[in-house]
Number of protein chains: 2
Amino acid sequence: MLVMSMKEKRELIHHLRTLLPKHVRIQIKHYQKGDNVTTYLAKRNQICIVLTGVVDLVRYDRNGNKTIVERYRENDLFGEAFHPVVTNNELFVVAKEKSEILQLVYDDLHLKEDKSDMILCHHLFQLATLKAIDQNIRIELLTKTTIREKLLFYFSYLAINNYGKEFTIPFSFTDLSDYFNVDRSALMRELKHLTDEGFIERKGKNITLLY
Amino acid sequence: MLVMSMKEKRELIHHLRTLLPKHVRIQIKHYQKGDNVTTYLAKRNQICIVLTGVVDLVRYDRNGNKTIVERYRENDLFGEAFHPVVTNNELFVVAKEKSEILQLVYDDLHLKEDKSDMILCHHLFQLATLKAIDQNIRIELLTKTTIREKLLFYFSYLAINNYGKEFTIPFSFTDLSDYFNVDRSALMRELKHLTDEGFIERKGKNITLLY
DNA sequence: ACTTGTCTGTTGCAATTGCAACACTTTTAT
DNA sequence: ATAAAAGTGTTGCAATTGCAACAGACAAGT
């Protein structure tokens, strides 16, 4: 199956680790909160998998606006390979908390025609698919025209993932506004409107949908 | 190499077609301009590759606003698998021009341990990576805060791909505004401002960067 | 050639959002 | 324990954008 649960994803990573071909050089590195995991500069063709923790891919524009381009959690795939130098960007990968990252060099897995190579490749394809799914959700979120629509879309996404109309937002509001790419105060204002108009109930980051 | 040129990508697809394992069921379908390629409903785990032509993944929201979620060109990968049903979306894939689409069922390529299977898997991973790259560019574009920044980012992207400060926009302005997810008239207005302020010269869709 | 439809270009006005600034609470580090 | 830092919540105001509406250019089809 291409679409898989968290559990299946975890098993996939475990399988991948146990079956890593010997000719594929890997490193497992540990990072503390705030550490720069790796800068998007030279080292091309490096693929990283988050084993534990959370890391953010962030960008600062000329005006100092911060955007969380993507947030990677346990078992997510990322790497320079996915961010070709198309413009003069400043991208940073920063550990949001204590994290453990598996790094491997893509070029190593070139068609050695052994079974474990094949499994690795297959797993990487699945991970890349899952990544694409996350990216599509983000794109869908960003293409909502108003903050209200962004919030409602995001809430219904969380509701489906938590199987219910009550859930806790897994971001701080500051980070959420970076992820939505909107002003934080404007986001808070819209949350207030949604509460006042009876669409949601809110206690801190706990939301209950009333519709 | 993970990052590859158009030519390399074309060769990859060619290779993939000649080496398709026999147990993988494929179909090559032809579509005319305006045809609905496939609706994002039931058929999961189908992977599509554009052989010729252009197809758009579009969404209409409640207010009738159209958004081009993604545009797929020759050798691009798409499919229901990348769009899990997370919300009540209405996604359509529409042929923008006469197109030829290769469709294969993902479940067929499950670990048959033969060489061509491995190559197919490897190629699919590469395609998925290229897809992720495109998605990242789109995300970067969408996270620009103003229409001006979106235009300048997009222009510099085109300039790099065309190796020069002169290029032709490969969208109609109507489609470009759908892709940027902004109002068309607002986009035209901003183009005018950029021209008036001497950032660009424009004749129809031909742009020259003056900075 | 003519009609139909789509695309381009422009403008006034209203609505949403970003910005700046502030007070207050919570978390983190020493 | 206490200081410093980060996050939350709120508001007025300005700026950007969306919307509506229109006219002319261009393209496609009969």
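Each chain gets a letter, A, B and so on, in the order its sequence line appears, and its residues count up from 1. Computed over heavy atoms, backbone and side chain alike; hydrogens, waters and symmetry mates excluded.
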Candidate nucleotides D/dG12, C/dT8, C/dG12, ranked by approach to the side chain of B/Arg189 - the nearest: C/dG12

A/Leu194 CG - C/dT17 P separation (whole Å): 11 Å

Whole-Å gap separating C1' (C/dT8) and CG (B/Asp178): 14 Å

Side chain of B/Met188 - closest among C/dG9, C/dG18, D/dG9: C/dG9

Bend angle of the helix from C/dA1-D/dT30 to C/dT30-D/dA1, end axes from five pairs each (to 10°): 70°

Rounded interatomic separation in angstrom, taking CD from A/Glu149 and C1' from D/dT17: 15 Å

Nearest to side-chain heavy atoms of A/Ser185, which nucleotide of D/dT10, C/dT17, D/dC19: D/dT10

Sugar-phosphate, base or nothing in reach of A/Leu191, heavy atoms under 4.0 Å: nothing

5' priority, DNA chain D, between B/Lys33 and B/Arg148 [closest heavy atom]: B/Arg148

Charged tip of A/Lys131 within 45° of A/Phe82 ring normal and under 6.0 Å: yes

Whole-Å gap separating C1' (D/dT17) and CG (B/Leu187): 12 Å

Whole angstrom value for the distance that separates P of D/dG7 from CZ of A/Phe171: 13 Å

Contact check, side chains of B/Leu57 and B/Phe78, non-hydrogen atoms, under 4.5 Å: no

Whole angstrom value for the distance that separates P of D/dA28 from CD of B/Gln32: 15 Å

Whole angstrom value for the distance that separates C1' of D/dT10 from NE2 of A/His193: 11 Å

N/O donor-acceptor pair under 3.5 Å between A/Asp35 side chain and A/Val37 backbone: no

Indicate every side-chain donor-acceptor pair of residues 201-211 of chain B with a distance under 3.5 Å to a residue at least two apart or in another chain.
residue	atom	partner	partner atom	Å
B/Arg202	NH1	B/Gly204	O	3.0
B/Asn206	OD1	B/Thr168	OG1	2.7

Nucleotide C/dT16, atom P - distance to CD1 of A/Ile147 in whole Å: 11 Å

Pi-cation contact, A/Tyr179 with A/Arg138 (under 6.0 Å, within 45°): yes

salt_bridge(A/Glu190, A/Lys150) N-O dist < 4.0 Å: no

5'-most by nearest nucleotide on DNA chain C - B/Ala186 or B/Ser172: B/Ser172

B/Thr174 vs C/dT8: side-chain N/O to OP1/OP2 distance below 4.0 Å: yes

Sugar-phosphate, base or nothing in reach of A/Lys150, heavy atoms under 4.0 Å: nothing

Under-4.0 Å salt bridge between B/Arg71 and B/Asp175: yes

Distance-only donor-acceptor test, A/Arg184 side-chain atoms vs C/dG18 base atoms, 3.5 Å: no

Residue-phosphate contact under 4.0 Å: B/Arg202 side-chain N/O, C/dG9 OP1/OP2: yes

Exam field: side chain A/Glu149 to backbone A/Thr145, donor-acceptor pair closer than 3.5 Å: yes

